[in-house]
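Here the structure is laid out as structure tokens; the discussion comes afterwards.
Along the sequence shown, the residues carry numbers beginning at 1.
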Amino acid sequence: METIIRMATEQDLPNLVDFLEKANLGTEGVKETVEYFLLMEDESGRLRATIGVEPFGENGLLRSLVITAGMKENEILTLFEQILRLTKEKNISSLFLATNKQTSVPFFQMLGFSTIEEEELPKDLFKSEHIKNILTVDNSVFLKFQM
């Protein structure tokens, strides 16, 4: 099955928001940052995965990674390669992520992210609803990727 990865547009918003909501992810800020989202679709145009970045000047917050069942590891890696490329094109020099899913940390470390302390997060990231929410959860982990 062939897939394509492309940048989301305003026309994609209803489908993207629905996809994120079905995965129980927050959608605040998606409309304002839709050009920072990538969509992976199959040949019939069905959404198979998405990932986005919430920009804060030279910093970005990786968010909204959703993949459907049956995706291959190389497809997920390609999606990450493309979001890193998009991030560079948008002049973001540091990419951060916050998670409470300990099992995902080794995967992100394999991609080149390093674990950091909450105090090392740039102050502007604390404006993000995602960061505010993750701070209320025990065992939160913060990671950074330097471009």
Side-chain angles (χ1 to χ4, degrees), residues 1-101 103-105 107-114 116 118 120-137 140-147:
M1 179 181 292
E2 190 173 321
T3 60
I4 66 159
I5 298 173
R6 65 178 180 82
M7 200 164 60
T9 66
E10 284 192 30
Q11 291 77 22
D12 296 309
L13 277 171
N15 194 25
L16 175 58
V17 168
D18 183 57
F19 192 69
L20 295 173
E21 286 175 345
K22 285 181 180 172
N24 294 318
L25 293 181
T27 59
E28 58 279 324
V30 172
K31 180 179 181 182
E32 296 79 13
T33 59
V34 68
E35 72 275 7
Y36 287 83
F37 277 79
L38 294 179
L39 307 177
M40 179 180 275
E41 300 171 322
D42 64 19
E43 65 270 358
S44 64
R46 281 190 304 260
L47 195 50
R48 297 190 60 224
T50 188
I51 192 168
V53 172
E54 193 172 350
F56 294 93
E58 293 181 355
N59 299 310
L61 180 65
L62 195 63
R63 60 170 286 176
S64 306
L65 171 62
V66 178
I67 56 174
T68 54
M71 284 194 60
K72 297 178 181 137
E73 187 175 293
N74 66 329
E75 291 176 310
I76 298 167
L77 291 174
T78 300
L79 186 62
F80 268 95
E81 288 171 1
Q82 294 303 311
I83 199 67
L84 292 176
R85 178 178 285 162
L86 176 65
T87 302
K88 280 184 181 178
E89 289 172 9
K90 299 283 189 178
N91 296 314
I92 292 175
S93 58
S94 297
L95 191 58
F96 296 85
L97 70 90
T99 184
N100 61 350
K101 295 176 177 64
T103 57
S104 66
V105 172
F107 174 74
F108 289 114
Q109 289 172 328
M110 179 194 74
L111 294 172
F113 283 83
S114 54
I116 61 170
E118 178 183 331
E120 296 176 75
L121 289 172
K123 299 285 182 247
D124 52 352
L125 264 63
F126 288 92
K127 298 173 189 169
S128 167
E129 287 301 316
H130 177 65
I131 291 291
K132 289 177 188 174
N133 290 336
I134 206 81
L135 290 173
T136 66
V137 179
S140 297
V141 178
F142 304 97
L143 298 113
K144 177 182 180 181
F145 184 91
Q146 191 68 46
M147 300 298 195

To check you understand the geometry: which heavy-atom pair defines the closest contact between [X] and [Y], and what is its length?
X: F126; Y: E118; answer: CZ-O, 4.0 Å
X: M40; Y: E75; answer: CE-O, 3.4 Å
X: M147; Y: S94; answer: CG-N, 4.3 Å
X: L125; Y: L61; answer: CD2-CD1, 4.1 Å
X: T50; Y: L38; answer: OG1-O, 2.8 Å

If you look only at distance, which donor and acceptor atoms sit under 3.5 Å apart when one is on a side chain in residues 12-30 and the other is two or more places apart or in another chain?
residue : atom : partner : partner atom : Å
D12     : OD1  : R6      : NH2          : 2.7
D12     : OD2  : R6      : NH1          : 2.8
D12     : OD2  : R6      : NH2          : 3.4
D12     : OD2  : T9      : N            : 2.8
D12     : OD2  : T9      : OG1          : 3.1
D18     : OD2  : K22     : NZ           : 3.2

- prompt: What residue pairs, at least two apart or across chains, pass salt bridge (Lys or Arg N to Asp or Glu O under 4.0 Å) with a residue in residues 128-137?
  reply: E129-K132
- request: Return each pair, listed once, that meets salt bridge (Lys or Arg N to Asp or Glu O under 4.0 Å) where at least one residue sits in residues 51-64; pairs must be two or more places apart or across chains.
  value: E54-R63
query: Take atom CD in E32; do more than 12 heavy atoms of anything else shown fall under 6.0 Å from it?
result: yes
field: F56: ring-ring contact (aromatic ring centres under 6.0 Å, His included) partners, not counting sequence neighbours
entry: none
Could you state the interatomic distance from [atom1] ([X]) to [atom2] ([Y]), rounded to the nearest 0.5 Å?
X: N59; Y: S128; atom1: CG; atom2: OG; answer: 12.0 Å
X: E10; Y: E35; atom1: CD; atom2: CD; answer: 8.5 Å
X: L65; Y: F108; atom1: CG; atom2: CZ; answer: 5.5 Å

message: Go through it in stages, so that I can follow the logic: the residues are F145 and L111, the test is side chain to side chain contact (heavy atoms under 4.5 Å, CB included), and I'd like the CA-CA distance, side-chain angles, deciding distance and then a yes or no.
response: CA-CA 9 Å; F145 184 91; L111 294 172; 5.8 Å; no
field: Check against side chain to side chain contact (heavy atoms under 4.5 Å, CB included), F96 and I131
entry: CA-CA 10 Å; F96 296 85; I131 291 291; over 6 Å; no
- prompt: Distance-only, no hydrogens or angles: does the Q146 side chain make a donor-acceptor pair with backbone N or O of S93 under 3.5 Å?
  reply: yes
- request: Could you tell me whether a side-chain N or O of T3 sits under 3.5 Å from a main-chain N or O of D42, the two making a donor and an acceptor?
  value: no
task: Can you sort out the partners of S140 under side chain to side chain contact (heavy atoms under 4.5 Å, CB included), two or more places apart, ordered by chain and number?
output: I134, V137, F142
Show which side-chain atoms of residues 76-92 pair as donor or acceptor with protein atoms under 3.5 Å away, not counting sequence neighbours.
residue : atom : partner : partner atom : Å
T78     : OG1  : N74     : O            : 2.8
T87     : OG1  : I83     : O            : 2.6

